[in-house]
Amino acid sequence: NAGVTQTPKFRILKIGQSMTLQCTQDMNHNYMYWYRQDPGMGLKLIYYSVGAGITDKGEVPNGYNVSRSTTEDFPLRLELAAPSQTSVYFCASSYFLEAEQFFGPGTRLTVL
Amino acid sequence: RKEVEQDPGPFNVPEGATVAFNCTYSNSASQSFFWYRQDCRKEPKLLMSVYSSGNEDGRFTAQLNRASQYISLLIRDSKLSDSATYLCVVTPRGGGTSYGKLTFGQGTILTVHP
C-alpha cells in the first residue's frame with residue numbers, strides 16, 4: 001500500500017496562475033481532507049469529503065475548489081493564486097470521521 | 001479563545017527527562033482527542049488516541065480531563081528521537097455545522113538534547 005500520495009512535492013506559482021494539487025489514497029477510505037499549514041501554525045481544514053460525489057467546506061475554503069469523482073482521488077484546485085496561499089498543503093484520509101487520519105507527504109507551494 | 005490551545009514551547013530537555021504538554025479545548029461537545037507527532041518538514045502521524053480513562057503506550061501517557069477541558073501528554077525517559085512537534089487534535093460530535101471539522105492545535109515543539 002502506498003497510503004496517501006500527493007503531487008507535486010514543490011511548486012512555485014505566479015500571482016493569478018492556477019493549478020491542481022493531486023491526492024490519491026489506496027486504503028479505500030471514504031473520508032478525505034485537505035489542510036494547509038502555515039509556518040508555526042496548526043493545520044487548517046480547507047475542504048473535506050465523506051465519499052465520492054460529496055464535498056463540503058472546512059474552515060478556510062476561500063480561493064479553493066475540490067471534486068471527488070472517485071473514492072481514491074481528491075484533487076484541490078487553486079484558481080487565481082495569491083501570495084496568501086503560500087503554504088504547505090496536506091491531504092489526508094480516514095476510515096471514518098473520528099478515526100486516525102493518514103496524511104500524504106505534503107505539497108510546498110509558493111506564490112510570488 | 002482559540003478552539004484548541006497549546007503552549008508552543010519550545011521545550012528543551014536533556015535525554016532521560018520527563019516532559020509534559022497540555023492542550024486546552026473550548027468546545028465542551030468535543031468527542032475525540034488525539035496526539036499527533038510531526039517531524040520537521042514531514043507530515044503529521046498519529047502518536048496516540050486519548051481515552052477518557054487515560055491510556056499509556058510505552059513511555060507515553062495521555063490523559064483527558066473533560067471537566068477542565070484539557071488533555072495532556074507525558075513523555076518519560078526522553079530520547080533524542082522524541083524531538084518533534086506534538087499536535088493536539090480535537091474532533092466534534094457528528095452533525096451540525098461542526099461536522100467534519102477536525103481542529104488542530106498549533107503544536108508544541110520538543111527538542112531533546114544529549
Side-chain angles (χ1 to χ4, degrees), chain A residues 2-7 9-10 21 23 25 27 29-51 54-61 66 68 74 87-110, chain B residues 2-10 21 23-27 29-52 55 57 62 64 71 84-109:
Chain A
V4 180
T5 57
Q6 291 183 240
T7 56
K9 286 188 169 53
F10 304 93
L21 282 67
C23 175
Q25 54 93 8
M27 296 173 282
H29 287 165
N30 284 324
Y31 291 80
M32 295 188 74
Y33 316 85
W34 273 106
Y35 296 92
R36 60 176 288 172
Q37 185 176 36
D38 299 325
M41 305 294 287
L43 282 78
K44 302 287 187 185
L45 184 65
I46 304 171
Y47 271 95
Y48 66 98
S49 170
V50 302
I54 307 170
T55 63
D56 207 348
K57 296 177 181 178
E59 190 178 355
V60 289
V66 293
R68 184 99 180 268
F74 190 39
S87 190
V88 180
Y89 291 84
F90 289 104
C91 178
S93 71
S94 65
Y95 184 62
F96 57 89
L97 179 61
E98 294 166 0
E100 174 184 2
Q101 290 190 24
F102 295 84
F103 285 80
T107 294
R108 283 168 173 74
L109 176 67
T110 301
Chain B
K2 289 182 182 178
E3 291 191 60
V4 179
E5 286 198 77
Q6 294 182 250
D7 181 346
F21 311 135
C23 167
T24 58
Y25 59 95
S26 60
N27 185 350
S30 297
Q31 175 75 356
S32 301
F33 309 88
F34 307 90
W35 284 102
Y36 278 71
R37 170 194 169 126
Q38 186 174 23
D39 293 316
C40 187
R41 300 180 70 80
K42 297 286 189 181
E43 71 272 24
K45 292 184 179 179
L46 180 68
L47 177 66
M48 58 197 303
S49 302
V50 186
Y51 304 122
S52 296
N55 48 300
D57 183 3
L64 167 64
I71 66 174
T85 298
Y86 291 84
L87 303 170
C88 170
V89 182
V90 174
T91 67
R93 293 182 185 274
T97 58
S98 295
Y99 186 74
K101 184 182 174 189
L102 294 85
T103 305
F104 283 74
Q106 68 181 95
T108 297
I109 299 171

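To find a chain, count down the sequence lines: A is the first, B the second, and so on, and within it residues start at 1.
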*Asks:* Using non-hydrogen atoms only, which part of A/Gln37 is less than 4.5 Å away from chain B: side chain, backbone, both, or neither?
*Replies:* side chain
*Asks:* Checking heavy atoms, do the side chain of B/Gln38, its backbone, both or neither come under 4.5 Å from chain A?
*Replies:* side chain
*Asks:* So which of A/Gly106, A/Ala92, A/Gly104 has the biggest tally of heavy-atom pairs under 4.5 Å with chain B?
*Replies:* A/Gly104
*Asks:* Can you list everything that forms a ring pair (Phe, Tyr, Trp, His ring centres under 6.0 Å) with A/Tyr89? Sequence neighbours excluded, please.
*Replies:* A/Tyr64
*Asks:* Counting heavy-atom pairs under 4.5 Å to chain A, which of B/Arg41, B/Lys42, B/Lys45 comes out on top?
*Replies:* B/Arg41
*Asks:* Taking it one step at a time, do A/Gln101 and B/Tyr36 satisfy side-chain contact (heavy atoms from CB on, under 4.5 Å)?
*Replies:* CA-CA 10 Å; A/Gln101 290 190 24; B/Tyr36 278 71; 3.5 Å; yes
*Asks:* Identify which part of B/Pro8 has an atom lying under 4.5 Å from any heavy atom of chain A, answering side chain, backbone, both or neither.
*Replies:* neither
*Asks:* If you measure from CD on B/Glu43 to CD on A/Gln6, what distance do you get to the nearest 0.5 Å?
*Replies:* 8.5 Å
*Asks:* Would you please test B/Phe104 and A/Met41 for side-chain contact (heavy atoms from CB on, under 4.5 Å) and show each step?
*Replies:* CA-CA 9 Å; B/Phe104 283 74; A/Met41 305 294 287; over 6 Å; no
